Amino acid sequence: MSIRTGNSEGKITGWGMALGPETITNDDLASRMDTSNEWILERTGISERRIGGTTAGLAVEAGQTALEMAGCNAKDIDLLILATTTPDDQIPATSGMVQHQLGLQCGAMDINAACSGFVYSLVTGFGFLKLGYKKILIIGSETLSRFTDWEDRSTAILFGDGAGAVVIEAQEGDGYLRGWDLNCEGSLRDILYAEVGGTIVMAGKEVFRKAVLAMTESAKSSMTAAGLSPSDISYVIPHQANIRIIESSMKRLGIAKDRAVSVLHKTGNNSSASIPIALFEALNDGRIKSGDILLLVGFGAGMTSASAVVQWGEANE
Ligand code: COA
């Protein structure tokens with residue numbers, strides 16, 4: 001386990017999101033397989049999910065919105081980091097297509113840390129700001145529907161397609177990444193995987209149990225690194241996998257569950273896109289105010305987990 005302390009200078013200046021064009025409701029799934037709206041809603045909190053599009057296409061849509069909000073010219077971006085576990089091609093990395101379609105003139109790379117990928121990428125981006133880059137576009141984008149077995153009721157109910165993006169920019173003075181933590185327990189590969197050309201295989205109960213432990217441990221490490229306690233956290237932006245995983249983690253952390261931002265009822269699990277989509281929602285509905293402290297925390301196949309404590313300030317607005 002790694003713990004890092006110390007601020008990293010930088011601020012989030014733009015954000016965007018995109019969802020797959022087609023809506024699949026729980027009733028749609030119940031008409032195809034032995035399940036029901038009530039079961040899915042009670043066991044996961046998901047009502048519907050959006051599918052379709054390509055990983056690059058969704059990333060471009062989210063990235064374009066983030067660039068416009070930040071008032072950034074595409075040519076000013078120094079680096080594109082695309083978190084995805086569902087690339088469009090085996091080779092090359094999907095980030096290259098996104099870089100081309102957005103008109104960026106910079107380096108581009110994919111990061112695959114499954115559902116923890118956005119937080120891994122955000123921390124990586126802050127690291128590059130320390131190395132001298134000024135503006136970085138970070139996107140989480142996924143088309144999980146392409147890797148879902150639509151006959152398997154234990155996984156088909158969970159996943160959706162979407163993308164979320166942020167622009168981070170270097171700034172003088174106090175930084176806005178106050179603490180972070182990245183982990184991987186590689187021995188747990190078999191509880192959640194898809195072979196090349198295959199679909200997602202998952203030991204649901206085991207993933208659930210590990211997810212709660214991993215999220216809680218990572219969140220505690222980030223808060224320790226930031227010198228903060230649960231009572232300092234304004235909002236938790238968790239990975240959107242299952243509302244019961246979010247609520248169990250909040251209980252273990254001692255943070256009221258109404259502090260957790262949740263969008264999964266209408267998105268399902270969008271893997272690395274789920275945290276930036278939830279962040280987008282909370283920023284757009286005006287919930288997040290200057291001075292708020294956000295705890296972003298995710299877990300996923302690998303089994304990875306990651307968290308970041310971000311201070312929101314006037315500089316972000
Ligand atoms: N509809 C109806 N019944 C279902 C069902 C469905 N979609 N899926 C499973 N069941 C049945 C099972 O067959 C089982 O029946 P049985 O008792 O007759 O054997 C029963 O419901 C309980 O199954 P179980 O797997 O124990 O349910 P659960 O409460 O653990 O919920 C998950 C299943 C998948 C929703 C839950 O384990 C989960 O969310 N795990 C984490 C998954 C995750 O987050 N993955 C992504 C990580 S990034």
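All values derive from a computational prediction rather than experimental measurement. Ligands are counted one by one from 1 in listed order, and the atoms in each one are counted from 1 as well. Below, all heavy atoms of this structure are taken into account, side chains as well, without hydrogens, waters or symmetry copies. Numbers for residues simply follow the sequence, beginning at 1.
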Task: For atom 31 (O) of ligand 1, the option (of R244, E206, E38) bearing the nearest heavy atom - done: R244
Open item on the list: Check this for me - ligand 1, H239, N or O atoms closer than 3.5 angstrom, yes or no?
Closed with: no
- [ ] Could you tell me whether T44 and ligand 1 have an N or O pair separated by under 3.5 Å?
- [x] no
Task: Enumerated ligand 1 atoms positioned under 4.0 Å from heavy atoms of V207 - done: 43 (C), 45 (N), 47 (C)
Task: Distance (rounded to the nearest 0.5 Å) between T25 OG1 and E48 CD - done: 7.0 Å
Task: Those atoms of ligand 1 less than 4.0 Å from some heavy atom in I157 - done: 7 (N)
Open item on the list: As an exercise, identify every atom of ligand 1 less than 4.0 angstrom from a heavy atom of G204.
Closed with: 37 (O), 40 (N), 41 (C)
Open item on the list: For atom 44 (O) of ligand 1, what is the closest protein heavy atom, and at what distance to 0.1 Å?
Closed with: A241 CB, 3.4 Å
Open item on the list: At less than 4.0 angstrom from any non-hydrogen atom of L192, what atoms of ligand 1 do you find?
Closed with: 47 (C)
Open item on the list: When you measure from atom 17 (O) of ligand 1 to the protein, is at least one non-hydrogen atom found at a distance under 4.0 Å?
Closed with: no
Task: Residue pair S271 / E142: nearest heavy atoms and the distance that separates them - done: OG-OE2, 3.4 Å
TODO: For atom 39 (O) of ligand 1, grab the closest protein heavy atom and report residue, atom and distance to one decimal in Å.
DONE: N242 ND2, 2.7 Å
Open item on the list: Give me the nearest non-hydrogen protein atom to atom 46 (C) of ligand 1 as residue plus atom name, then the distance to 0.1 Å.
Closed with: N269 ND2, 3.6 Å
Task: Part of M33 within contact of ligand 1 (heavy atoms, under 4.0 Å) - done: neither
TODO: Under 4.0 Å from a heavy atom of R43: give me the atoms of ligand 1 that qualify, with their elements.
DONE: 29 (O)
Open item on the list: So D88 and M97, do their side chains get closer than 4.5 Å, heavy atoms only?
Closed with: no
TODO: Salt-bridge test for E247 and R244: reply yes if a basic N is under 4.0 Å from a carboxylate O, no otherwise.
DONE: no
Task: Which residue and heavy atom of the protein sit nearest atom 11 (C) of ligand 1, plus the separation - done: R153 NH2, 3.5 Å
Open item on the list: Applying a strict under-4.5 Å side-chain criterion to I, L, V, M, F, W and Y, I'd like to know whether L228 and W312 cluster together.
Closed with: no
Task: Residue and atom name of the nearest protein heavy atom (relative to atom 42 (C) of ligand 1), distance in Å to one decimal - done: M202 SD, 3.5 Å
Open item on the list: Among all protein heavy atoms in this structure, tell me which lies nearest to atom 48 (S) of ligand 1, with the distance rounded to 0.1 Å.
Closed with: C115 SG, 3.2 Å
Open item on the list: Contact between L253 and M223 at the side-chain level, heavy atoms closer than 4.5 Å - yes or no?
Closed with: yes
TODO: Would you please classify the geometry between the F128 ring and the Y133 ring as parallel, tilted or perpendicular, with 30° and 60° separating the classes?
DONE: parallel
Task: Heavy atom of the protein closest to atom 24 (P) of ligand 1 (residue, atom name, distance) - done: K205 NZ, 4.0 Å
- [ ] First locate atom CG of D285, then atom CZ of F280, and finally report the distance between them rounded to the nearest 0.5 Å.
- [x] 10.0 Å
TODO: Starting from atom 8 (N) of ligand 1, locate the nearest protein heavy atom and write down its residue, its atom name and how far away it is, to 0.1 Å.
DONE: W39 CH2, 3.4 Å
- [ ] Check ligand 1 against T35 and write out every atom of the ligand that is under 4.0 Å from a heavy-atom position of the residue.
- [x] 1 (N), 2 (C), 6 (C), 7 (N)
- [ ] Apply the side-chain contact (heavy atoms from CB on, under 4.5 Å) test between L137 and each candidate in I168, L102, I81; give the one that qualifies.
- [x] L102
Open item on the list: Can you tell me how far apart CE (M215) and CG (L295) are? Round to the nearest 0.5 Å.
Closed with: 8.5 Å
Open item on the list: Looking at atom 35 (C) of ligand 1, tell me if a protein heavy atom falls under 4.0 Å from it.
Closed with: yes
Task: ligand 1 contact on I245 by region, counting heavy-atom pairs under 4.0 Å - done: side chain
TODO: Indicate yes or no: does an N/O atom of S36 lie under 3.5 Å from an N/O atom of ligand 1?
DONE: no
Task: Side chain to side chain, S116 and H239, heavy atoms closer than 4.5 Å - done: no
Task: E169/K11 salt bridge by N-O under 4.0 Å criterion - done: no
Task: Ionic contact status for D181 with K220, cut-off 4.0 Å - done: no
